[in-house]
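Before any comments, here is the structure.
This is a predicted model, so every value here is computed, not measured. Values below: all heavy atoms of this structure, side chains included; hydrogens, waters and symmetry mates excluded. This chain uses plain numbering: 1 for the first residue, then up along the sequence.
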Amino acid sequence: MLLDQYYKLVDFWQSSKANRQVNWDRMYYVNRQNAIYGNGEALYYQERRHNDQLVGALSTTYNFSIDKHNKVALGLQLNHTKGMHYKTMADLLGGAAYTDIDKFAANDYGIWSAEAQNDLRNPNRQIGVDDKFGYDYNILVNKANLWGQYARTRSHYTFIAGAHLEGTTIERDGLMQNGRAPQNSYGKSGAAKFLGGGGKVQFSYRPTGYHRIMLAAHYDASAPLASNSFVAPRMQNNFVDRLKLEKTYGAELAYSFRFGELIGKVTGFYNRFADGVEQTAFYNDQEERFTYLTMSGVKREFYGVEAAMVYQVNEKLSFNVMANVSEAKYINNPYAQVNYEGMSTATLATLNKWTNEVNNRNMPLRVIADGMRVSGTPLTALSFGANYNINGWFFEANLNYYDRVYIDFSEYRRLSNVVENYVGTLDVVTQNLMFEPTYDELVTNGGVLLDPRNGKVVGAFSPKQEKCDGGFMLDLSIGRYIRLKKGKSLSINLSINNVTNNRNMRTGGYEQNRDDFYNTQVARSYVFSRNPKYYYANAFNAFLNIGFKF
């Protein structure tokens, strides 16, 4: 059956270019036919999602010198942000009307149910172009930051120490009463309050004018991002469970040098983040509703070495080298909080528990994320470049190498109640625990290992995270700077990127949360779990910039 589906899809995809494009004429036709022979409701439409911000800020700084070597700075920052989140109708695509109800909730509870209403205060409201619908809420954030810094400077060294105290409030103000959360969607949520702060120290030593050693350390405890502080913010006022100050601490050691015509800097760094909050949202096929998944208590670790050097051969020619070799990964299994749109509070309480099959105890739901890499950037990056200048002309070539780019992992596929749970057995002679899956199977597919005597988790493995292949890219640039009369100038620059047209360079991507089965447990022809979405570097491209200064 899967093979038949596959060939049908391939035939449909390859038979016509039109099958690979959005059929706008068909959408208009369906909407107009429904207006004539149906209920008039637009089945297709375009919407705009707005995330507008109104910000007011006040900042003041006071500087004074104790003497020529010692200086102090004090400051106060006040900030108020009103984030306005809503959507509007952009185009009905030929349709006659649109009713502001949630179609998925209508399917679950009935079209005339209260749960289907996006706004119980204005039920069954008819929507036209530019009208707000679906959701409408504001996020209000107030911040006050008091800081101070002391600096001592001498001929061969500089010492800097600073500290700050920060207060933050976060609040949601719902402007619609959602039918799936009638008690906690309209009006204000009440403010979550955070009092944090931190400090930093930095010491720089310059034995000569061409060499400098810098050592720095910092600690910071700050409020979580407002965008991560609410569960299902489009629908309700509920704050994320276990919402805490997010802690950051780290250190940096850098050495800047110059040996003749060679100039460079080498930096080693370490940063650790604790009590973080991360969110993802997706359509859940099995539940047939939108799903929010929040991780709290997230711990991440970043460390590595960066280096940059320039060698000036003469006044016209120079070479440069840059390198970054780093690590960025999760170092714990965070708490998980799942929310389905329209689900009751009582059901949610049971949803976010994981039943231990050995002792039948309810355990907090977790994401098995320990060891997963942070995506979005290559963890190894190298670049070699050459620059040549003559008579106003300049030429530049850069050969870049990128490696260790990881695909963003699916938190949903790594929930402790989604990955396989394995109950060990006791060796009758040694009384040692044994598990049926091999180590390679655990590393590839993941799993939670349970002690058969007490149900204790003795190990948790996350399904293997995909790493993209490394590769090279060549970029070229040519330009001319022309001085004109009366201080005017003209600059022309042509940049040619990815000269070798490398179309296989994956710059990132993400695992899909979609299920491999329909809700009837019929297998899909497209296996979402084995087919992540990928991002690719742009193919061969060029830019011409012309600037005139007058």
Side-chain angles (χ1 to χ4, degrees), residues 228 231 240-242 273-287 290-301 327-340 348 350-357 362-376 379 404-423 435-450 455-468 508-517 524 527-534:
N228 288 335
V231 178
V240 170
D241 292 344
R242 306 179 185 89
F273 300 82
D275 292 324
V277 178
E278 297 182 14
Q279 286 190 327
T280 185
F282 59 95
Y283 181 75
N284 191 312
D285 296 276
Q286 294 303 313
E287 291 293 326
F290 207 64
T291 299
Y292 298 87
L293 197 162
T294 304
M295 293 194 302
S296 58
V298 178
K299 294 182 179 180
R300 295 175 297 158
E301 198 172 50
E327 187 64 274
K329 61 183 180 180
Y330 293 79
I331 57 173
N332 76 326
N333 297 321
Y335 290 103
Q337 187 175 353
V338 178
N339 186 295
Y340 300 137
L348 286 174
T350 60
L351 177 67
N352 289 299
K353 298 293 184 181
W354 164 49
T355 302
N356 188 307
E357 61 181 274
N362 287 330
M363 303 177 66
L365 196 63
R366 290 181 179 269
V367 175
I368 311 303
D370 193 4
M372 293 292 98
R373 265 66 173 204
V374 178
S375 66
L379 298 179
R404 297 171 62 229
V405 177
Y406 286 87
I407 300 300
D408 194 12
F409 65 93
S410 165
E411 298 92 342
Y412 183 73
R413 297 189 186 280
R414 287 166 175 78
L415 287 173
S416 53
N417 62 347
V418 172
V419 298
E420 192 71 33
N421 283 204
Y422 299 99
V423 179
F435 292 93
E436 192 172 304
T438 65
Y439 179 78
D440 289 340
E441 288 174 333
L442 283 172
V443 170
T444 300
N445 302 316
V448 176
L449 309 181
L450 301 175
K456 180 180 178 181
V457 176
V458 296
F461 292 79
S462 182
K464 187 176 182 180
Q465 186 178 16
E466 183 176 353
K467 180 174 75 70
C468 301
Y510 59 92
E511 295 177 354
Q512 301 190 70
N513 289 310
R514 298 291 299 277
D515 203 273
D516 295 337
F517 297 87
R524 296 179 186 270
V527 182
F528 285 100
S529 64
R530 302 298 180 189
N531 291 279
K533 289 285 188 179
Y534 296 117

Rounded to the nearest 0.5 Å, how far does CG of Asp516 lie from CG of Asp285? 9.5 Å
In short, Tyr330 meets Asp370 closest at the heavy-atom pair O-OD1, 3.5 Å
Leu365 versus Gln337: any side-chain heavy-atom pair under 4.5 Å? no
To check you understand the geometry: which heavy-atom pair defines the closest contact between Arg414 and Val419, and what is its length? CA-CG1, 3.8 Å
Do the non-hydrogen side-chain atoms of Arg373 and Lys467 ever get within less than 4.5 Å of each other? no
Report the distance from atom CZ of Arg366 to atom OG of Ser416, rounding to the nearest 0.5 Å. 8.5 Å
Within-4.5 Å side-chain heavy-atom neighbours: Thr355 and Asn362: yes
For the residue pair Phe435 and Leu442, establish whether any side-chain heavy-atom pair is separated by less than 4.5 Å. no
Can you tell me how far apart CD (Glu436) and CG (Leu449) are? Round to the nearest 0.5 Å. 12.0 Å
Spatial distance of atom CG (Asn284) from atom OG1 (Thr291) [nearest 0.5 Å]: 4.0 Å
For atom NZ of Lys533, is the number of surrounding heavy atoms from other residues, nucleotides or ligands below 6.0 Å larger than 12? no
List the atom of Gln465, the atom of Ile407, and the distance in Å for their closest heavy-atom pair. NE2-O, 2.8 Å
Taken to the nearest 0.5 Å, the spacing of Asn445 CG from Asp440 CG works out to 10.5 Å
I want to check something: taking the side chain as every heavy atom from C-beta on, are Ser296 and Asp241 in contact at a cut-off of under 4.5 Å? no
pair Asn228-Val240: side-chain heavy atoms closer than 4.5 Å: no
Between Glu420 and Glu441, is there a side-chain heavy-atom distance shorter than 4.5 Å? no
Verdict with supporting geometry, Tyr510 and Thr280, side-chain contact (heavy atoms from CB on, under 4.5 Å): CA-CA 12 Å; Tyr510 59 92; Thr280 185; over 6 Å; no
Which heavy atom of Tyr406 sits nearest to which heavy atom of Ser375, and what is that distance? O-CB, 3.2 Å
Could you report the tightest heavy-atom contact between Gln512 and Asn531, atom names first, then the distance? NE2-O, 2.6 Å
Could you walk me through whether Leu293 and Asn513 satisfy the side-chain contact (heavy atoms from CB on, under 4.5 Å) test, starting with their C-alpha distance in whole Å, then the side-chain angles of each, then the deciding distance to 0.1 Å, before giving a yes or no? CA-CA 11 Å; Leu293 197 162; Asn513 289 310; over 6 Å; no
Mind checking whether Pro463 and Arg413 have side chains closer than 4.5 Å, heavy atoms only? no
Reported NZ-to-CZ distance for the pair Lys329 and Arg300, which is rounded to 0.5 angstrom: 14.0 Å
Let me see the working for Val457 and Leu450 under side-chain contact (heavy atoms from CB on, under 4.5 Å), right down to the final yes or no. CA-CA 5 Å; Val457 176; Leu450 301 175; 3.8 Å; yes
Taking all non-hydrogen atoms of both residues into account, name the closest pair between Val367 and Glu411 and its distance. CG1-O, 3.9 Å
